[in-house]
Amino acid sequence: MSKKNQIQAPKGVSEYVPPHSRKFESVREALLAPARSAGYELIELPVFEDTELFTRGVGESTDVVSKEMYTFEDRGGRSITLRPEGTAGVMRAVIEHGLDRGQLPAKLYYSGAFFRAERPQAGRYRQFYQVGIEAIGTQDSALDAEVIAIADAGFKSIGLQKYRLEITSLGDAQSRAKHRVDLVAYIEKLDLDDATKTRATINPLRLFDDKREEVKKQMATAPLLLDYLSEKSRKDFEEVQKHLKALGVEFTVNPRMVRGLDYYTGTTFEFVHDLLGAQSGIGGGGRYDGLMAELGGQELSGIGFGLGIDRCVLAAEAEGISFDQEFTSDLFIIPLGDESKTSALTIAQQLRSSGLRVEISFGDRALKGSMKAADKSGAAYVIVLGESEISSGTVELKEMSTGKTSSVTLASLQKHLLSVSSK
RNA sequence: GUGGGCGUAGCUCAGCUGGUAGAGCACCCGGUUGUGGUCCGGGAUGUCGCGGGUUCGAGCCCCGUCGCUCACCCCA
């Protein structure tokens, strides 16, 4: 609630506080794990970059660059922009650090906050979170398929089911040029309002994405880029599909798919969730042939994706997926009296070093209150630590789910807990 | 940038045709000495988003403003 002098978060940012943040953490780790298993390595980059990186990399004709960037001047008079997406920054860093001079493909993953100055709505925030990967320097349909499969594995490991994968190919430069000529000619004959016409001159492909029925109808017979693919592009695209089938990754070919960033070429894909609102894309990506050269690097092709953590959290909630059990402690220690607090601290420290999750009851509440706290924490076991336990070296280990207790010596507590801990 | 909906305790909300606020959940304490989940008793919490107007009187009406939210646009 907004009180008089209370400072609120800036408009449209997503925040995750406990217990909700558990979901965020679980989702992020689930999305990242398949990339790590496939040999991708972390790249951690600044959230702000030289504005030119995005105008050149992402493309000035995109809405992202033309009206959605957080751009400001720093104290040295440089134009700085909060990163609206991840790929351009990764390419900049790859070139700057010469990662493209080593073994290829360079395989990188990232995770972090991105910024777009849009009007917020369900699943769309001004600061949002993405994980992504980029595989740079190798042109191979098998790599395209693997990248897509890594994203798919991430969604599956969250437990998501109600999503679908759409793929297409944007072909090479010549294919796109030929198609564009025909598409523009086709669009010129249509009955469209001025705003839409303007949009079409900036990027005619955008009209395929229009949600209005009258536009959809008119675009129904528009020339499709897939029909213009060169022999090589067509073969590559078929290879990708063959590999995806072998991997058991389900997909549909959507020749009308449109992506918002200008650098995509060749294989392009998008994951869409069925239970989300208007913002239903949970991830997407594709190959980009010209980006590296555009940014002053070698003529190398890359492929990657960005997955929306926020939207995956929303999707997981919509599907009723819960993550809570991953976040409960193995043991809850209740010290009685000030003297036993030292023991509680040292015992907890020792148990934690073996990977157990251990909490202590703090403050001076009564035993009953501490037991309640233990119950609510979801801890599997509880011990009460008083003078008698410390002097005898034996505690009553209580299993919270059954209420049963058993006598365990402090010396064997760790071994005991490790044997029953699932983690 | 354009449009719709909504702003009452930490959360979810109730508040009849205007008479100066309530429930459930959560939280804290207790129900005789050191063991939770049920039950019972007790307690704290709101300038009813903010500002102005109408009125004897406004959470309820009017105007403005800010915020949240959903959709368009665009996209993760």
Side-chain angles (χ1 to χ4, degrees), chain A residues 1-14 17 19-20 27 31 58 62-68 83-87 111-132 151 195-196 198-199 202-203 206 209-212 257-261 270-273 276-285 305-315 332 334-337 340 361 363-379 381-389 395-405:
Chain A
M1 298 296 98
S2 69
K3 301 273 164 52
K4 237 176 199 169
N5 280 314
Q6 193 169 320
I7 297 169
Q8 290 177 268
K11 188 184 180 73
V13 300
S14 61
V17 301
H20 195 54
V27 165
L31 291 175
V58 178
T62 63
D63 278 29
V64 168
V65 170
S66 64
K67 55 184 208 192
E68 295 171 1
R83 36 136 89 147
E85 60 95 54
T87 304
S111 163
F114 296 86
F115 308 84
R116 290 184 200 171
E118 301 178 273
R119 194 80 177 266
Q121 70 185 74
R124 188 172 75 186
Y125 308 102
R126 292 186 170 179
Q127 172 170 339
F128 57 99
Y129 296 88
Q130 267 186 225
V131 310
T196 311
T198 311
R199 210 145 55 87
I202 296 166
N203 184 350
R206 291 277 146 73
D209 209 21
D210 206 297
K211 285 175 186 170
R212 291 168 297 183
M257 189 170 87
V258 183
R259 306 242 66 229
L261 311 177
E270 205 165 75
F271 289 86
V272 180
H273 195 94
L276 296 181
Q279 312 302 316
S280 57
I282 52 175
F305 61 61
L307 313 179
I309 303 178
D310 310 273
R311 289 187 187 173
C312 285
V313 169
L314 292 171
F332 198 96
I334 301 175
L336 288 179
S340 44
S361 178
D364 291 311
R365 45 185 161 193
L367 178 59
K368 179 166 177 161
S370 289
M371 282 304 295
K372 278 192 163 182
D375 187 35
K376 280 176 192 130
S377 79
Y381 291 89
V382 171
I383 58 170
V384 173
L385 207 57
E387 283 171 38
S388 61
E389 283 81 6
V395 292
E396 291 297 312
L397 183 65
K398 179 163 184 170
E399 186 176 20
M400 293 301 275
S401 60
T402 61
K404 284 181 188 146
T405 62

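- If you take atom C1' in B:rC72 and the same atom in B:rU12, they sit 30 Å apart, rounded to whole Å.
- Donor-acceptor pairing under 3.5 Å, judged by distance alone, is present between the side chain of A:S388 and the base of B:rG34.
- Taking atom P in both B:rA23 and B:rC66, one finds a spacing of 35 Å when rounded to whole Å.
- Without hydrogens or angle criteria, A:S14 side chain to A:Q127 main chain gives a donor-acceptor distance under 3.5 Å.
- Residue side chain A:E396 does not reach the base of B:rG34 through any donor-acceptor N/O pair under 3.5 Å, judged by distance alone.
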Output a table of nitrogen or oxygen pairs between the protein and nucleotides 37-39 of chain B separated by less than 3.5 Å.
unit_1	atom_1	unit_2	atom_2	d
B:rG37	O4'	A:D375	OD2	3.2

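- Comparing the same atom, P, in B:rG42 and in B:rC68 gives a spacing of 40 Å after rounding to whole Å.
- Listed by chain and number, the residues in a side-chain contact (heavy atoms from CB on, under 4.5 Å) with A:R126 are A:K11, A:Y70, A:P120 (sequence neighbours excluded).
- Going from the C1' atom of B:rG7 to that of B:rU65 covers 13 Å, rounded to whole Å.
- A:K398 has its side chain out of reach of A:V384: every pair of non-hydrogen atoms, C-beta onward, lies at least 4.5 Å apart.
- Listed for the A:S280 side chain is no donor-acceptor partner under 3.5 Å among the backbone atoms of A:L276.
- The two residues A:Y129 and A:A113 have their closest heavy-atom pair at CE2-CB, 3.6 Å.
- Rounding to the nearest 0.5 Å places CG of A:D63 at 10.5 Å from CG of A:L261.
- Atom CD of A:E399 and atom C1' of B:rU35 are 15 Å apart (whole Å).
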- Query: Just the dot-bracket of RNA chain B, please: which string comes out with Watson-Crick or G-U pairs under 3.5 Å, [ ] for crossing, | for another strand?
  - Reply: (((((((..((((........)))).(((((.......))))).....(((((.......))))))))))))....
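- Residues A:R311 and A:R124 are in side-chain contact: their nearest non-hydrogen atoms beyond the backbone lie under 4.5 Å apart.
- B:rU33 atom P lies 18 Å from atom CD of A:E387, rounded to whole Å.
- Here the separation of B:rA9 from B:rC60, taken at their P atoms, is 14 Å to the nearest Å.
- For B:rG49 and B:rG10, the P atoms lie 13 Å apart once the distance is rounded to whole Å.
- Residues A:F128 and A:R116 meet the side-chain proximity criterion, which asks for heavy atoms closer than 4.5 Å.
- Looking at A:R206, its side chain never comes within 3.5 Å of a backbone N or O of A:V258 through a donor-acceptor pair.
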Side-chain donor-acceptor pairs under 3.5 Å in residues 366-376 of chain A, sequence neighbours left out?
unit_1	atom_1	unit_2	atom_2	d
A:S370	OG	A:S361	OG	2.8

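- Separation of the C1' atoms belonging to B:rG31 and B:rG67 is 45 Å when rounded to the nearest angstrom.
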- Quick tally for nucleotides 70-76 of chain B: nucleotides whose base has a protein heavy atom under 4.0 Å get B, sugar-phosphate-only ones S, the rest -, giving SBBBBBB
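- Here the side chain of A:D310 pairs no donor or acceptor atom with the backbone of A:G123 at under 3.5 angstrom.
- Distance A:F332 CZ to B:rU35 C1': 12 Å, rounded to the nearest Å.
- Atom pair A:M371:CE and B:rG34:C1' shows a separation of 11 Å (rounding to whole Å applied).
- For A:S377, the side chain to side chain donor-acceptor pair (under 3.5 Å) criterion is met by no residue, not counting sequence neighbours.
- For the C1' atom pair drawn from B:rG46 and B:rU20, the interatomic distance equals 14 Å after rounding to whole Å.
- Taking the side chain of A:A366 as heavy atoms from C-beta on, and the options B:rG34, B:rU35, B:rG30, the nearest nucleotide is B:rG30.
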